[in-house]
Undergrad: 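Okay, here's the structure, questions in a sec.
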Amino acid sequence: MNRESVVVSRHVSQVIGCTPDQVYEFAANPANLPRWAAGLANSPVTIEGDRLLAESPMGQVAVRFVPRNDLGVLDHDVTLPSGTVVNNPVRVLSHPNGAEILFTVRQIELSDEEFERDLGMVAEDLKRLKEVLETQ
């Protein structure tokens, strides 16, 4: 495997003082994305079949989530404006203080600086999700 094909992954998580079911239901609802996921959707999303179209900081992206499930899995594929598809594993887990949401960020088509920026944006999104849910 050459250096260019190595994909780095890092995990970003946030503990939320709500049940895992509450976190999952809120985060899985496409209408809620602009309220907490600014890195993905900075305006209301459009539903087109089984995918969501969203205006993101990168331009228009298409998002496909896995089907709703009882396992807390919120994995989704994001098709970037370049056509590259990035798989984003996301889990909502039980935690002694409520729930923990865990997001895997992958360094695909990003410089090291852009990857660090993305990690920070995901951390801010998860912090915003915590704030929204804990103040409802």
Undergrad: Return the CD1 to CG distance between Ile47 and Leu52, rounded to the nearest 0.5 Å.
TA: 6.0 Å
Undergrad: Looking at Arg68 and Glu25, is any side-chain nitrogen of the basic one under 4.0 Å from a carboxylate oxygen of the acidic one?
TA: yes
Undergrad: Please round to the nearest 0.5 Å and tell me the distance separating atom OG1 of Thr104 and atom CG of Asn87.
TA: 9.0 Å
Undergrad: Mind checking the CZ-CG spacing from Arg64 to Asp77? Nearest 0.5 Å is all I need.
TA: 8.5 Å
Undergrad: Less than 4.5 Å apart, side chain to side chain, heavy atoms only: is that true for Pro81 and Val61?
TA: yes
Undergrad: Rounded to the nearest 0.5 Å, how far does CG of Asp118 lie from CZ of Arg10?
TA: 11.0 Å
Undergrad: Roughly how far apart are Glu100 CD and Ser94 OG, rounded to 0.5 Å?
TA: 10.0 Å
Undergrad: Please report the closest heavy-atom contact between Leu74 and Ala28, naming both atoms and the distance.
TA: CD2-CB, 3.6 Å
Undergrad: Quick one: pull up CD in Glu134 and CD in Gln22 and give me the separation to the nearest 0.5 Å.
TA: 10.5 Å
Undergrad: Do Thr19 and Tyr24 have side chains that get closer than 4.5 Å, going by heavy atoms?
TA: no
Undergrad: Could you walk me through whether Gln107 and Asp112 pass the side chain to side chain donor-acceptor pair (under 3.5 Å) check?
TA: CA-CA 8 Å; Gln107 187 176 7; Asp112 289 346; 2.9 Å; yes
Undergrad: Between Arg91 and Asp75, is there a salt bridge with N-O shorter than 4.0 Å?
TA: yes
Undergrad: Measure the shortest side-chain to side-chain distance between Leu133 and Val23 over non-hydrogen atoms and say whether it is less than 4.5 angstrom.
TA: yes
Undergrad: So which atom in Thr135 and which in Glu131 form the shortest heavy-atom distance, rounded to 0.1 Å?
TA: OG1-O, 2.7 Å
Undergrad: Would you check if Phe26 and Val132 make a side-chain contact, meaning some heavy-atom pair closer than 4.5 Å?
TA: yes
Undergrad: What is the minimum heavy-atom distance between Val15 and Lys130, and which atoms define it?
TA: O-NZ, 3.1 Å
Undergrad: Is the closest side-chain heavy-atom distance between Leu129 and Gln14 below 4.5 Å?
TA: no
Undergrad: Please check if Phe103 and Leu119 belong to a single hydrophobic cluster, counting links between Ile, Leu, Val, Met, Phe, Trp and Tyr side chain heavy atoms closer than 4.5 Å.
TA: yes
Undergrad: Do Ile108 and Val63 sit in one hydrophobic cluster, given that two such residues count as connected whenever their side-chain heavy atoms are within less than 4.5 Å of each other, even indirectly?
TA: yes
Undergrad: Any idea which heavy atoms bring Val7 and Arg106 closest together, and the distance?
TA: CG1-CB, 4.0 Å
Undergrad: Where is the tightest heavy-atom contact between Ala27 and Trp36, given as atom of each residue plus distance?
TA: CB-CZ2, 3.9 Å
Undergrad: Can you get from Val73 to Leu33 by hopping between Ile, Leu, Val, Met, Phe, Trp and Tyr side chains that sit under 4.5 Å apart?
TA: no
Undergrad: Do Val122 and Val86 share a hydrophobic cluster, counting only Ile, Leu, Val, Met, Phe, Trp and Tyr and linking them when any side-chain heavy atoms are less than 4.5 Å apart?
TA: yes
Undergrad: Are Phe65 and Ile101 connected in the hydrophobic side-chain network, where two residues link if heavy atoms are under 4.5 Å apart?
TA: yes
Undergrad: If you look at every heavy atom in Val12 and Leu126, which pair is closest and at what distance?
TA: O-CD1, 3.6 Å
